[in-house]
Amino acid sequence: MLETHGDVCRLGYLRIVPCLLEDNSPKTFDFLAALLHDIVKGIGDRDLLVSKPIGLITSLVNARNYVTMAAELNFIDRKSQLLGTFGKLYLTTDSAIKFKKFVDGRESLNLIELITLNDAEKLFFLWALFIQDYPFIQMITNWALKKKKFRRQEAMIYAMEEAYPQALKKALPPSDIRRKEAEKFREKRLSIKDKIEWIKSSQYAKYRHIAPPRLEWLVDCGILKRSGRGKYEVNDQMIYDQQKILKLTTLRPKKIESYLFNDFIKGMARWYKQAGRTEVIKTMIQVYDRMSFHFGGEVNLTYLECMTSIVLLENGLIAEKQKIHDAFNSLALQFPDKIYVMPGGRNVNIAYINTEELEI
DNA sequence: TACACAGACGTGGTTGCTCC
DNA sequence: GGAGCAACCACGTCTGTGTA
């Protein structure tokens, strides 16, 4: 489960962080925040935005909160202060190229481009969030989809007094004091009769930092939309199948990748052209090259398949993970001396492709 | 028009690292 | 080992504004 700050509402900013770490030199969070703040502070076309989004970076302090969020999402590895797994994975997308150029000053972006995710990125962040914020984000998503239309206040009450204690129960040992505290949230809130006193309470401060960002992340991923100040509703224009999102909210982390990139992605097929075998293989090799650059020689086969699916989506094509897996296997049979899989422990398979000598 | 509350903007306390 | 400092975390509070 992620530790959050109420400011950190726009997922789009997180795409910049891996680009800042691509040189493979460790950077402190404060230094990264200063870089991030410097890069985005000049972009001031906020008035042009129809929806007036919240969570824009306006100060060094909230840039710092975005860097912390990047670490929570595993875009940054806290220990080494280098790229984390999801940071490395993001750098293998086509979309990352635009942000690398932006960071280097070779391309300029406006605020809309900076905070808006394309469909492939929405899927990428959905993946990262559902893995890293398990099971809290699942519960909130499930509640929101069933509720259809709601106010921020009621979402906060549900999130903090029902979902949060349940999520902590799954995430923390029974002895952990935070579990016991969370179970008393409702009782404590009801004991405060005066609304002003409630809003000034430390418990309300905690609510505001934990629940609202998650609603905004679901807006960025295209599942919810804002329908006024503090109001949300399910986005009826979303590219996903609502039933499939509901199913996604019931899965354990181990099942999420497989479901997201097989059944779930099928629900998006009406918007995309099916990828052919050649397109799948060409993209997979391209993604492999990018991944081996960031991960070293050892490329996790599951990640390779998921990222191939995402990069295909960026190019208007759709292919399920199973189809990509089959393409990999058939290629491995065709070129046994250039492509193979080696066991990497804990059921993780490492793919090796000698791309230099491979002719497709 | 009042006030409830959303959103912005900190800040004090804690942790952990480095150097002597 | 402990002092000093930087980095980091967990709330806290103020202001502006949408809504009843």
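Numbers restart at 1 for each chain; the letters A, B, ... are given by sequence-line order, proteins then strands.
- With F125(A) as the partner, the ring pair (Phe, Tyr, Trp, His ring centres under 6.0 Å) test is satisfied by one option alone out of W217(A), F75(A), Y13(A): F75(A).
- In this structure, OH of Y207(A) is placed 19 Å from P of dA4(B), rounded to the nearest angstrom.
- Applying ring pair (Phe, Tyr, Trp, His ring centres under 6.0 Å) to F124(A) and the options Y303(A), Y90(A), F261(A) leaves one that passes, Y90(A).
- As judged by a 4.0 angstrom heavy-atom cut-off over every strand, E72(A) is placed among residues making no nucleic acid contact.
- Rounded to a whole Å, the CE atom of M156(A) is 6 Å from the P atom of dA6(B).
- Picking from dT13(C), dC9(C), dA7(C) the nucleotide with the shortest atom distance to the side chain of Q81(A) gives dA7(C).
- Spacing between atom CD1 of I57(A) and atom C1' of dA8(B) amounts to 14 Å, rounded to whole angstrom units.
- In this structure, the CG atom of L215(A) is 14 Å from the C1' atom of dG7(B), given to the nearest Å.
- The nearest heavy atom of DNA chain B to N65(A) and to P212(A) marks one nucleotide each, and the one closer to the 5' end goes with P212(A).
- dA8(B) atom C1' lies 14 Å from atom CD of E216(A), rounded to whole Å.
- Distance K206(A) NZ to dC9(C) C1': 11 Å, rounded to the nearest Å.
- Side chains of N315(A) and T283(A): no donor on one and acceptor on the other come within 3.5 Å.
- No engagement by G6(A) is indicated, since no non-hydrogen atom pair under 4.0 Å with the nucleic acid exists.
- Between the P atom of dC8(C) and the NZ atom of K27(A) lies a distance of 14 Å, rounded to the nearest Å.
- Of the candidates K149(A), E216(A), K225(A), E216(A) is the only one forming a side-chain hydrogen bond (donor to acceptor under 3.5 Å, both in side chains) with Y232(A).
- Close to dG7(B), at under 4.0 Å from its OP1 or OP2, lies a side-chain N or O of R152(A).
- Between Y232(A) atom OH and dA6(B) atom P there is a gap of 9 Å when expressed in whole angstrom units.
- Nearer to the 5' terminus of DNA chain C, by closest-nucleotide assignment, is the contact made by R64(A) (compared with the other of R64(A) and K231(A)).
- OP1 and OP2 of dA10(C) both lie 4.0 Å or more from every side-chain N or O belonging to Q203(A).
- The hydrophobic clustering, which links ILVMFWY residues whose side-chain heavy atoms are closer than 4.5 Å, places F295(A) and V341(A) together.
- For H209(A) and dG12(C), a side-chain-to-base donor-acceptor distance below 3.5 Å is present, hydrogens and geometry of angles not being considered.
- At a threshold of 4.0 angstrom between heavy atoms, the contacts of Y204(A) are confined to the sugar-phosphate backbone, with no base atom among them.
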